[in-house]
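Below is one structure, written out as structure tokens, with a few remarks after it.
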There are 2 protein chains.
Amino acid sequence: MATGRTHRPATRSRGIPEATVARLPLYLRALTALSERSVPTVSSEELAAAAGVNSAKLRKDFSYLGSYGTRGVGYDVEYLVYQISRELGLTQDWPVVIVGIGNLGAALANYGGFASRGFRVAALIDADPAMAGKPVAGIAVQHTDELEKIIEDNGVHIGVIATPAGAAQQVSERLIAAGVTSILNFAPTVLQVPDGVDVRKVDLSIELQILAFHEQRKAGEEATAEAVVADAVAEAAAKDVKDTAAEQSAEAKRTAAAEAAVPSAARAEATARTESTDRKGPDGDVPAVMPA
Amino acid sequence: MATGRTHRPATRSRGIPEATVARLPLYLRALTALSERSVPTVSSEELAAAAGVNSAKLRKDFSYLGSYGTRGVGYDVEYLVYQISRELGLTQDWPVVIVGIGNLGAALANYGGFASRGFRVAALIDADPAMAGKPVAGIAVQHTDELEKIIEDNGVHIGVIATPAGAAQQVSERLIAAGVTSILNFAPTVLQVPDGVDVRKVDLSIELQILAFHEQRKAGEEATAEAVVADAVAEAAAKDVKDTAAEQSAEAKRTAAAEAAVPSAARAEATARTESTDRKGPDGDVPAVMPA
DNA sequence: CCATCTTTGTGCACGCGTTCACAAAGACAT
DNA sequence: ATGTCTTTGTGAACGCGTGCACAAAGATGG
Ligand SMILES: NC(=O)c1ccc[n+]([C@@H]2O[C@H](COP(=O)([O-])OP(=O)(O)OC[C@H]3O[C@@H](n4cnc5c(N)ncnc54)[C@H](O)[C@@H]3O)[C@@H](O)[C@H]2O)c1
Ligand SMILES: NC(=O)c1ccc[n+]([C@@H]2O[C@H](COP(=O)([O-])OP(=O)(O)OC[C@H]3O[C@@H](n4cnc5c(N)ncnc54)[C@H](O)[C@@H]3O)[C@@H](O)[C@H]2O)c1
């Protein structure tokens with residue numbers, strides 16, 4: 001889910017591959033668990049299993065950090081925890097602000113995993129005047145007016161956006177102008193940011209859609225005759241539109257497509273459909289325009 | 001953040017690359033926004049800009065679905081919305097259960113973006129008897145005892161796990177045994193699942209750590225002499241441990257590493273450190289073992 | 001009907017990431 | 001000290017994803 005990486009060629013000689021960086025937290029978590037159980041050393045095989053990756057991959061990942069293992073024995077757990085933590089910049093304290101203290105923002109503020117790894121919630125910010133001063137997770141919510149001052153006073157470089165989609169772009173601009181250079185975005189929008197600013201996004205809806213794709217695949221394999229037929233109907237209808245429209249004006253084609261697509265979709269759905277609600281998300285989230 | 005994909009070679013002839021699948025929801029969102037504004041057609045260039053990707057990539061992605069564009073004009077918005085929706089399996093209704101109705105689970109249940117794309121929250125499940133019957137987002141929470149029955153009765157194939165990390169593996173096993181084949185996991189654990197089950201994870205902590213890594217990089221570039229020195233000290237201490245330990249037994253090396261790593265880390269931190277809290281997350285989240 | 005202009009669809013090359021497989025390093029026993 | 005056994009670190013091959021660049025398709029205007 002990485003986005004917006006400028007992927008500068010790393011002036012620094014030691015360039016750790018992005019894919020490796022993304023796995024380091026995984027290794028760190030597994031190592032921390034071992035450390036708690038006072039396990040002194042661990043082999044690449046064992047650790048890889050715990051982290052859910054290939055052991056060769058893990059060894060190669062570690063090789064980018066240096067030679068921290070001992071052949072015939074494995075890796076020293078405590079030592080590796082320290083090295084990875086240092087590489088990830090976790091040996092220092094990162095003040096973080098959360099903007100948008102609604103359902104999600106409040107949950108994030110309450111999340112313990114935040115503080116447990118060197119991240120400190122420096123402030124909670126919301127545009128709703130009614131929220132101002134109200135404590136969430138033991139911290140008083142501050143109004144958006146204070147945003148710039150908060151960022152600057154606390155030397156914040158990492159911001160979390162949990163506002164409605166419509167406000168996200170503007171919020172990101174204010175954060176960046178005030179000094180933030182890393183953003184974790186929970187709003188379903190593509191943020192436009194200048195070079196040098198890293199954006200990572202977490203999008204529940206996208207994750208579910210990807211799962212749905214594979215789920216449909218699985219269902220399609222033990223294809224019920226019924227489903228195949230329904231699909232064929234939809235397919236045929238779609239093709240008809242295309243072929244017919246080819247001989248028409250672009251305008252006519254568009255109309256034909258829109259009209260034909262809906263009924264065919266409805267037909268394909270008929271088998272599984274339970275209830276057709278009005279698809280209209282709250283906040284700025286765009287409603288799906290699928291057949292109603 | 002894809003995980004656990006079995007990556008079966010796709011019996012079906014039409015194999016859409018995983019990277020493309022992950023982008024389809026992005027395109028769909030941009031297209032839906034255009035559709036709302038009644039924009040009839042869109043060029044690959046425009047749509048790519050809206051989705052934040054390269055236009056060549058977008059065209060190639062669409063080419064896997066078929067030839068849905070018109071040269072010299074672009075793509076028909078409505079038609080493309082339908083095709084992508086169908087490809088993602090969004091023309092059918094997917095019942096979803098959320099397990100673990102705490103801070104996060106409740107926020108998810110309240111999230112409108114869920115229902116807005118063909119996903120229907122079929123049930124909310126929690127192990128806490130006190131929660132049972134309590135309505136969250138208009139749905140009564142049900143007890144874990146009912147899990148299997150709920151899954152089977154509603155034909156649920158997609159499950160969301162928002163329990164503490166310690167419970168996640170067990171919950172996933174029950175879900176899978178009851179018929180779930182796709183899991184969206186918010187708990188910070190690597191789930192062990194059988195072939196044929198897709199798992200995608202959302203891990204806030206990992207995202208922040210990745211951001212911290214890049215943030216540290218940026219800070220290192222306009223390296224203050226102070227920071228360089230502190231880093232060098234830590235580095236030297238670390239090296240010392242390694243070199244010295246090489247002449248000792250593994251046991252001694254481990255001890256030396258553990259002891260030396262802490263003070264050197266503390267030293268490196270000294271500049272930026274604000275407050276050293278006891279790192280102990282709630283729930284099953286593993287506490288970081290870094291210098292206290 | 002022809003010319004021009006726009007935009008798609010894709011062949012191709014390149015770079016990154018993954019995985020295999022193995023030589024070398026080192027622990028440990030004798 | 002020497003041999004055996006375990007496990008690392010990495011060279012090399014491969015496959016996937018990305019982006020360039022362009023030919024072909026088709027719209028549009030004269
Ligand atoms: N709730 C979830 O589970 C969930 C899941 C995935 C994505 N999201 C996304 O996260 C975002 C927040 O979701 P939510 O359910 O918490 O919504 P919400 O409506 O409960 O909360 C949004 C909050 O943002 C505040 N806000 C609005 N404009 C603002 C601005 N310009 N500056 C600062 N604050 C502002 C509002 O006052 C409100 O408190 C949405 O974009 C949503 O699509 C939510
Ligand atoms: N809150 C966040 O912003 C956030 C962010 C990232 C990750 N997470 C992770 O998501 C998970 C939930 O976080 P939270 O803040 O909501 O925690 P929480 O403690 O508020 O909620 C956990 C809920 O799960 C229920 N539960 C416990 N064991 C269960 C079981 N076996 N079956 C069903 N339900 C069970 C508990 O009764 C509780 O209601 C945690 O693993 C956390 O690490 C949370």
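A, B, ... follow the sequence lines: proteins, then strands. Residue 1 opens every chain. Worth knowing before you read on, the calculation uses all heavy atoms, side chains too, and leaves out hydrogens, waters and symmetry mates.
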Under a 3.5 Å cutoff, is there a donor and acceptor pairing between the side chains of E36(B) and T32(B)?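 Per modelled atom types, E36(B) and T32(B) side chains form no pair under 3.5 Å.
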Polar contact flag, side-chain donor to acceptor under 3.5 angstrom, Q83(A)-Y79(A):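 Yes - a donor-acceptor pair under 3.5 Å links their side chains.
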My understanding is that only residues two or more places apart in sequence, or in another chain, count here; which of them pass side-chain hydrogen bond (donor to acceptor under 3.5 Å, both in side chains) with [X]?
X	answer
D61(B)	T20(B), R23(B), Y27(B)
Q192(B)	none
T189(B)	none

If a pair means Watson-Crick or G-U wobble with both distances below 3.5 Å, what does DNA chain C look like in dot-bracket form, with | marking bases paired to a different strand? ||||||||||||||||||||||||||||||
Using a 4.0 Å heavy-atom cut-off, write out nucleotides 18-25 of chain D from 5' to 3' as B (base contacted by protein), S (sugar-phosphate only) or - (no contact). SBBB--BB
For [X] and [N], what is the distance between atoms [atom1] and [atom2] respectively, to the nearest whole Å?
X	N	atom1	atom2	value
E45(B)	dG9(C)	CD	P	14 Å
L58(B)	dT7(C)	CG	P	14 Å
E18(B)	dG15(D)	CD	P	19 Å
F62(A)	dT18(C)	CZ	P	14 Å
D76(A)	dA27(C)	CG	P	13 Å

Partner residues of [X] under the side-chain contact (heavy atoms from CB on, under 4.5 Å) criterion, sequence neighbours left out:
X	result
E173(A)	Q169(A)
A48(A)	V53(A), S55(A), L58(A)
A56(B)	N54(B), R59(B)

According to a strict under-4.0 Å criterion, is Y75(A) in side-chain N/O contact with OP1 or OP2 of dG9(D)?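 Affirmative; the distance criterion is met.
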Can you see if the side chain of S44(B) gets near the phosphate of dT8(C) - specifically, an N or O under 4.0 Å from OP1 or OP2?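 Indeed, a polar side-chain atom of S44(B) lies that close.
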